Protein chains: 2
Amino acid sequence: MNRLTYQLGAMLQKRRAPIIEFNRVSFVIGILLLVLTLFMFPPAITDVIASNPDWKVFAGSAFVTGFIGMMLVMMSRGRWSNEVSLREGFILTVASWVVLATFAAMPFVFLGRGLSLIDAWFEAVSGLTTTGSTIMTGLDELPPGILLWRSIIQWIGGIGIVVMALIMLPFLKVGGMQLFQTESSDRSDKFVPRAREVMGLIAFTYVALTAACAIAYGAAGMSAFDALNHAMTTIATAGFSTHDLSFGYFKEAAIHWVAFVFMFASSLPLVLYVKAVKSRSLNVFEDQQVRGFCKMVAAILIGLTLWLASRPEISLAEALRTVCFNAMAIISTTGYVYGDYTAWGAGAVGTFFVLMFLGGCTGSTTGGMKAFRLQVMLLSSFNYIRQLMSPNRVVVATYNGKQITGDIASSVLAYLSVMFASVMIFTVTLSFFGLDFITSLSGALTALANVGPALGPQIGPAGNFGALPDGAKVVLVVGMLLGRLEFFTVLVVLSRDFWR
Amino acid sequence: MNRLTYQLGAMLQKRRAPIIEFNRVSFVIGILLLVLTLFMFPPAITDVIASNPDWKVFAGSAFVTGFIGMMLVMMSRGRWSNEVSLREGFILTVASWVVLATFAAMPFVFLGRGLSLIDAWFEAVSGLTTTGSTIMTGLDELPPGILLWRSIIQWIGGIGIVVMALIMLPFLKVGGMQLFQTESSDRSDKFVPRAREVMGLIAFTYVALTAACAIAYGAAGMSAFDALNHAMTTIATAGFSTHDLSFGYFKEAAIHWVAFVFMFASSLPLVLYVKAVKSRSLNVFEDQQVRGFCKMVAAILIGLTLWLASRPEISLAEALRTVCFNAMAIISTTGYVYGDYTAWGAGAVGTFFVLMFLGGCTGSTTGGMKAFRLQVMLLSSFNYIRQLMSPNRVVVATYNGKQITGDIASSVLAYLSVMFASVMIFTVTLSFFGLDFITSLSGALTALANVGPALGPQIGPAGNFGALPDGAKVVLVVGMLLGRLEFFTVLVVLSRDFWR
């Protein structure tokens, strides 16, 4: 992983050449496929140890993926140069997610109880985008190899999204993340050495967090295999479980609290921990985004807990644990489930619908709108009110000490418009496949925000995506990719001008 | 009406005085109450003719309203000056809607089968904001006076919102409507004479459209009373009917087509007709907003018609009529109902949910987001995609030949943020009153967008708002006022800084 991110970092010097050289794109995708191949061995070995014949599926998938990856690298090697153009960057970003998901789907197809092509692709995309919606049932009886594979693709997807958010998106200038760039004037000069160091530290942090989470799960009472799997899908805020009941399977309160702590920790920017490692002190509240996110989460958890605890049949401790676990699972877009929160009453359904939009901080593995955009929206609105009151005074909103310029406002407006339009279009499209309103709307949202479970009896926390019509599954796959790539990365590649 | 709007226009010179002089505010509100008093006489006379004792209710309400209006005018007259400050403008705008709705609610309370205070206030606010959600049933058996009163308050609300959108909002700079101002540099000089002329023409157009609509309804087969009432609520895109079944009561296809034509006509800016009268030619497609709105409506109507006509049990003509009527009723935020479109299937529910957001053109009586904002959102998104592809090129989006500046983008972002946040907050609040998800969400939206009917069995096209808990009704009242005043007018007055 470390070497790969360095490769990616090294390539991000803006070039003037307007021609797209597919060699460069295919080279990187080849490298990524080789990395994916390596990750197919642990499930294969696990199945060998468990005397399960599925190891052949993983070995075969590894052979095919590795072969094609090698071919791509070798074909491109001759024309390799250490730079990538802006347009190549866009194609690379979109293509790498689609291609990797396709190859990651292979084991699901050739498995003992194999899935249909669409189901396998749905599961792989849901995994790699760290969404965590699943079409598989009977998880508890599945061989360990395939369960491990589901967790691994989510874990890869998690680090992938952080790399993308930190390197590719600011390079592509998608999503108003310019606010998070430290060097804006002479980025290309200093980028590579800095990126190399940052990426190494980020990979280290990601592994360390996963290890800490696994140890904590184990100490709280999980089996070693469950602890490893859930640690991977927790740190990736992804949400696949090894049990049909998800966290409802575990009765120990300690396990739920461990999950809460690490889901929260994974909603913060990974760079925060990198800084903490470098400066040997964790200053969580220095960053305006982290500060705002913590306040928002605290308000939601306290409010919901008080509401739930007001019922006679539930103790304060029980209410606190259930609320913290389930609300954090949705806010962090992990999507683990512990009991059916939609059964708490109408108020809970409305609240969890809103929570599905939020997401964590930029630079984390979470999906959704993210704290930074919510804050820019809030600050812009307040600023606008102030401006209305005093039209002759110049009022400027700032974020993390930087001005929210017209550029930032425009990019957040563009994001919000496209997010809003996408939710609407996907809702209507899904409803034309015959899904009822709550399933269509919450299904569209859960895919676009990469959350996992939706609302309603069919695909809600107690449901499963398996029974949806194939067309709806394809729509959701597109939604998950669109949301994960922050919409514009995909829209740019799909626009007509791009190919001129 | 004409004199009043001139008064309003004459007052809109920005003053430097930071002190709020409530005399000026109360003077205008007094005038408005006197106008409201005049409108209480037609229902009283109607009830006298129908030998219904309710005429006393209207006479009494008129007496109280007129008395208080006169008091306010006389108390303020001494300190009257021909100007109004910005802060007074905000207070005036918010206060006039709240006060007028309160007085308009009086007849509902003292009626033979009187409503509770909250129900009466709900009905009056729903009327004056041209929302058209009703808590009253058994309309067909009600005396004519009260039915006429419901139509009249909607008709007043309609012209009120056009005046507000044309004078107050650009003066207050709310909602990014600067794009529609013709003089931006020296507005105060030329404003009064121009406003006087424009307002006269607008009032004339409004009356003329209402008369034309009433004649068309009559010719299509409505009784004279029904034609008058429905003409008033059609031109105001408001939606109260004189029958429980709304337009389902009328079997004549011609009536539905008349309603369609005038709902569409009322979704266009009233100024368009004023220009047509002045220049003696109606050029609908000159304006980018009107052009965009027409294209959007055509696409929606054709798509929905083809979908509905694909069923064997419905003819193309029948599908076209049902779709045109119902879709236009929602897009124009009129909210008339003809049959239960939610019974067409899941696809229709999803589609009508989206339609509830849209609204007509700025400068019309419609609610919702409005075509101009949707277009700015779309243009900004396209522009952003183009900018991402060519970061070194300066790409500027234009609207009606004017640049979409950072100011405009910020104001639309602020509107969108507040609209989005409001839908979320109102949904959660309503759901905590025990309303199910679809009722909460669509109820919040129908109030904030001033549409009328929501979705779901309770408050959908076949339902009624009467059975909602009182708390939910109050929430919806706040939502209707908030949406009608374009959010920021209210938020400014509610902000702490405003009162310093």
Side-chain angles (χ1 to χ4, degrees), chain A residues 14 86-87 90 172-174 307 345-351 353-354 357 376-378 380-381 383-389 391 405-407 409-418 420-421 424-425 427-438 440-441 455-456 488 491-492 495 497-498, chain B residues 14 86-87 90 172-174 307 345-351 353-354 357 376-378 380-389 391 405-407 409-414 416-418 420-421 424-425 427-438 440-441 455-456 488 491-492 495 497-498:
Chain A
K14 237 179 258 183
L86 188 62
R87 292 166 86 198
F90 275 108
L172 307 176
K173 291 199 172 159
V174 165
W307 174 69
V349 179
T351 307
F353 171 71
V354 174
F357 278 98
V376 169
M377 284 165 66
L378 202 68
S380 301
S381 302
N383 195 51
Y384 186 61
I385 291 174
R386 235 172 292 146
Q387 190 75 68
L388 285 174
M389 274 190 278
T405 59
D407 269 13
S410 298
S411 75
V412 173
L413 172 63
Y415 176 90
L416 199 59
S417 305
V418 168
F420 177 79
M424 295 297 129
I425 292 168
T427 301
V428 171
T429 312
L430 288 173
S431 72
F432 275 103
F433 281 105
L435 309 188
D436 65 83
F437 178 68
I438 189 166
S440 305
L441 175 61
L455 296 170
F488 286 100
L491 292 180
V492 165
S495 74
D497 284 0
F498 187 82
Chain B
K14 236 178 259 183
L86 189 62
R87 290 165 87 198
F90 276 106
L172 308 176
K173 290 200 173 158
V174 165
W307 174 69
V349 180
T351 306
F353 172 71
V354 174
F357 279 99
V376 170
M377 284 165 66
L378 202 68
S380 301
S381 303
F382 275 123
N383 196 50
Y384 186 61
I385 291 174
R386 236 172 291 145
Q387 190 74 66
L388 285 174
M389 275 189 279
T405 59
D407 268 14
S410 296
S411 74
V412 173
L413 172 63
L416 200 58
S417 305
V418 168
F420 177 80
M424 295 297 130
I425 292 168
T427 302
V428 170
T429 311
L430 288 173
S431 72
F432 275 103
F433 281 105
L435 309 189
D436 65 83
F437 178 68
I438 189 166
S440 305
L441 176 61
L455 297 169
F488 286 100
L491 292 180
V492 165
S495 73
D497 284 0
F498 186 81

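Small disclaimer: the values here were computed from a predicted structure and weren't measured.
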Fill in: B:S431 and B:F437, any side-chain heavy atoms less than 4.5 Å apart
no
Worksheet item: Nearest 0.5 Å, what's the CZ-CG distance between A:F498 and A:L491?
Response: 12.0 Å
Worksheet item: Which bit of B:F357 comes within less than 4.5 Å of chain A, counting heavy atoms only: side chain, backbone, both or neither?
Response: side chain
Item to complete: Sort out for me which of B:L430, B:N383, B:L416 touches chain A most, counting heavy-atom pairs under 4.5 Å.
Response: B:L416
Practice prompt. Answer with side chain, backbone, both or neither: which region of A:S440 has an atom nearer than 4.5 Å to a non-hydrogen atom of chain B?
Written response: neither
Worksheet entry | Contact origin within A:F420 toward chain B - heavy atom pairs under 4.5 Å | side chain
Practice prompt. Could you tell me which portion of A:L441 (side chain, backbone, both or neither) has an atom closer than 4.5 angstrom to a non-hydrogen atom of chain B?
Written response: side chain
Practice prompt. Using a 4.5 Å cut-off on heavy atoms from C-beta on, say whether the side chain of A:F432 contacts that of B:T351.
Written response: yes
Discussion item. As an exercise: rank A:G350, A:A348, A:S410, A:S380 by heavy-atom pairs under 4.5 Å with chain B and give me the winner.
Written reply: A:G350
Worksheet entry | Selection from B:A421, B:G456, B:S381 maximising heavy-atom pairs under 4.5 Å formed with chain A | B:S381
Worksheet item: Which answer fits A:I385, side chain, backbone, both or neither, if we ask what part of it has an atom under 4.5 Å from a heavy atom of chain B?
Response: both
Discussion item. With rounding to the nearest 0.5 angstrom, report the CZ to CD distance, B:F488 to A:Q387.
Written reply: 12.5 Å
Worksheet, complete the sentence: Greatest number of non-hydrogen atom pairs under 4.5 angstrom with chain A, of B:V418, B:T427, B:I438, falls to B:I438
Worksheet entry | Part of B:D436 lying under 4.5 Å from any heavy atom of chain A | backbone
